[in-house]
Amino acid sequence: MSTSTRIMWFRQDLRVGDNPALRAAAMAGKVIPLFIQEDEDAGDLALGGASKVWLHHALCSLNQSLDGHLLVRAGPALPILEELIEATNAEGVYWNRCYEPWRMARDTEIKAVLKARGTHCESHNGNLLWEPWEVNKKDGTPYHVYTKFYRRGCLEAHAPRSPLPKPEELTFACEKQEASAIDELKLLPRRDWGETIGKSWEISEDGAHKRLSDFLEEGLHGYKDDRNYPRKPNVSRLSPYLHFGQISPHQVWAAVHHHDIDRDADHFLSELGWREFSYNLLYNNPDLPSTNLQKKFDAFPWREDQTALKAWKKGLTGFPVVDAGMRELWQTGYMHNRLRMVVGSFLVKNLMLDWRLGERHFWNCLFDADLANNSAGWQWIAGCGADAAPYFRIFNPILQGEKFDPDGTYTRHYVPELAHMPDKFLFRPWEAPELVLKEAGVTLGETYPKPIVDVKASRERALEAFKSLSEGTS
DNA sequence: AGGTCGTTAGA
DNA sequence: CTAACGACC
């Protein structure tokens, strides 16, 4: 092996297994593993509170995997890299690509500057099964319809590569680092929220693989149907691990292929396809996080209502299934996908508040906050995105509860003040007779809010508003 | 990846 | 009278 020094710049690939850039760096020389807290480069897209908590633990774990050698810095990436190259005589910098528009622009600049000064730069694909610029229709333009994108654009192109093993040999070109360096990034909040929020997760590369194998064992069978029931163990909960790269989609893809690809496995893989689709949309539409993909929505008459927004964020809308979802988010840094659709529809359609407000809140509160997935998801539920839910598809927050949480287990867990409500009225407590409320220990407006909107009237209001948009193209 | 309403087949 | 289905929003 060469004795030259190589910087491995970790970003959203906080793992040792299946890490193409790390492997390449390790084969080329001695390695300086580096992480940069990039909030200064990120601007408005600085990490949300929950993401910081996850990142803190992920870095501690990665540092352990690297035997304490992880260098940690904070600030604009380019000067930090230049300074480190200067100080260590590093001959190359290696990273796995990220796809946030601000990162792509910045990485291009970094590559140009470093190459100009004679430093070798290598970027790899560690995060996506298909590069976003690879998947296009025959005429070279991007897909707008998910099924075509995935079935034709992805699956018929080439199979995802197999996961790479850990580097056979990893020699460091730096000393062990002070254990307190990660603490000094001050990623953990002062209040105890940071500790309680993460307690049900094992935030490490090993934890990611345990989660995957548990899911394959307990959750994949029946996935297609049971993934919609928030109390069932049939969702993978891999999203935060995938976002931070503690597991790669290639590793997940390969592990699923060790099973029969039945309808459940096929459906689960297609959810990875949605992740690819979101990245493809973001790549082709850098304004996806802030701008309606369908221009006609620019004229949409969003309401201003701070009181309603606050009630939504706090899980005090008076709609038990909505409140359960919002409280799950606040308490655990996660929300089941079915609930994301329900609370999203409620915000955008029943409250008629701008989807970007929901996007921002999710960005702050979700462990898996991911620019591509979050913005594509909100555009989907708002109806302004690509291959989006048609505008008239408005979830009924009562029926969704009755259908997907039929015995109320999930809702009662997160809305304990309704624990003793009978199933019949759990999702519509305002319709319960006085005696039923009294026996359940519920006083509407005191122990639990009255509904902040009328379902029927707000639904019609949203349909009217959407109808008012010009029926012009896109 | 929905909901609502009207119609119809069937208890 | 209710469940199942399709049209439409």
Side-chain angles (χ1 to χ4, degrees), chain A residues 143-151 219 222-232 234-237 239 263-278 281 293-294 296-297 300-301 319-322 324-325 328 335-352 355 358-359 362 368 372-406 410 424 427-428 431 451 453-472:
Chain A
Y143 285 97
H144 295 292
V145 177
Y146 167 72
T147 312
K148 288 267 162 63
F149 165 84
Y150 179 61
R151 299 282 165 200
Y223 177 79
K224 189 173 167 56
D225 300 320
D226 291 345
R227 62 193 286 273
N228 283 310
Y229 296 84
R231 67 176 181 77
K232 294 191 180 183
N234 298 88
V235 290
S236 76
R237 295 179 173 260
S239 51
R263 68 196 281 272
D264 291 321
D266 189 63
H267 198 93
F268 177 63
L269 292 175
S270 82
E271 296 299 320
L272 288 177
W274 273 100
R275 178 176 178 274
E276 301 285 320
F277 187 50
S278 298
L281 288 173
L293 220 44
Q294 296 180 41
K296 71 175 181 190
F297 277 79
F300 192 84
F319 290 90
V321 80
V322 173
E328 180 188 21
M335 196 193 305
H336 186 280
N337 185 250
R338 168 58 48 179
L339 277 298
R340 296 189 197 204
M341 296 190 286
V342 171
V343 304
S345 170
F346 187 79
L347 180 80
V348 169
K349 300 186 178 178
N350 297 102
L351 298 181
M352 240 170 86
W355 60 269
E359 179 193 31
F362 273 28
D368 62 39
N373 291 330
N374 196 37
S375 42
W378 276 99
Q379 293 231 25
W380 182 87
I381 195 67
C384 57
D387 200 11
Y391 73 81
F392 47 78
R393 191 180 288 167
I394 298 172
F395 287 50
N396 179 320
I398 303 159
L399 298 184
Q400 287 286 311
E402 289 172 346
K403 189 166 174 192
F404 294 109
D405 188 25
Y410 172 86
K424 188 176 174 195
F427 298 103
R428 47 179 112 210
E431 288 178 10
V453 285
D454 178 81
V455 175
K456 198 164 181 234
S458 61
R459 179 177 191 275
E460 281 162 10
R461 178 177 68 182
L463 286 172
E464 277 307 304
F466 282 111
K467 218 189 306 182
S468 77
L469 300 178
S470 76
E471 297 297 316

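Throughout, protein chains are lettered first and strands after them, A, B, ... in sequence-line order, and every chain is numbered starting at 1.
Distances shorter than 4.0 Å separate some side-chain N or O of Arg338(A) from OP1 or OP2 on dG2(B). Put simply, Asn396(A) has a side-chain N or O that comes within less than 4.0 Å of OP1 or OP2 on dT4(B). Residue Gln400(A) places at least one side-chain N or O under 4.0 Å from the OP1 or OP2 atom of dG3(B).
In this structure, CG of Leu469(A) is placed 16 Å from P of dC9(C), rounded to the nearest angstrom. Per the geometry, CD belonging to Glu460(A) stands 12 Å off C1' belonging to dG3(B), to the nearest Å. Straight-line distance from the OH atom of Tyr150(A) to the P atom of dA1(B): 14 Å, rounded to whole Å. For Phe466(A) and dG3(B), the CZ to P distance is 16 Å, given to the nearest whole Å. If you measure from atom CG of Asn337(A) to atom P of dG2(B), you get 11 Å, rounded to the nearest angstrom. Atom CG in Asn373(A) sits roughly 17 Å away from atom P in dA1(B) (whole-Å rounding). Rounding to whole angstrom units, CD of residue Glu271(A) and P of dA1(B) are separated by 8 Å.
Side-chain N or O atoms of Arg275(A) include none that pairs as donor or acceptor with a backbone N or O of Asn373(A) at under 3.5 Å.
A search for side-chain contact (heavy atoms from CB on, under 4.5 Å) contacts involving Leu463(A) returns Tyr391(A), Phe392(A), Ile394(A), Arg459(A), not counting sequence neighbours.
When each of dA1(B), dG2(B), dC5(B) is scored by its nearest atom to the side-chain atoms of His267(A), the top-ranked nucleotide is dA1(B). Nearest nucleotide to the side chain of Phe404(A), out of dG3(B), dA1(B), dG2(B): dG2(B).
Cation-pi geometry between Arg231(A) and Tyr410(A) is not met: the NZ or CZ atom fails to fall both under 6.0 Å from the ring centre and inside 45° of the normal.
Looking at Lys224(A) and Asp264(A), no side-chain N of the basic residue comes within less than 4.0 Å of a carboxylate O on the acidic one, giving no salt bridge.
As judged by a 4.0 angstrom heavy-atom cut-off over every strand, Leu399(A) is placed among residues touching the sugar-phosphate backbone only.
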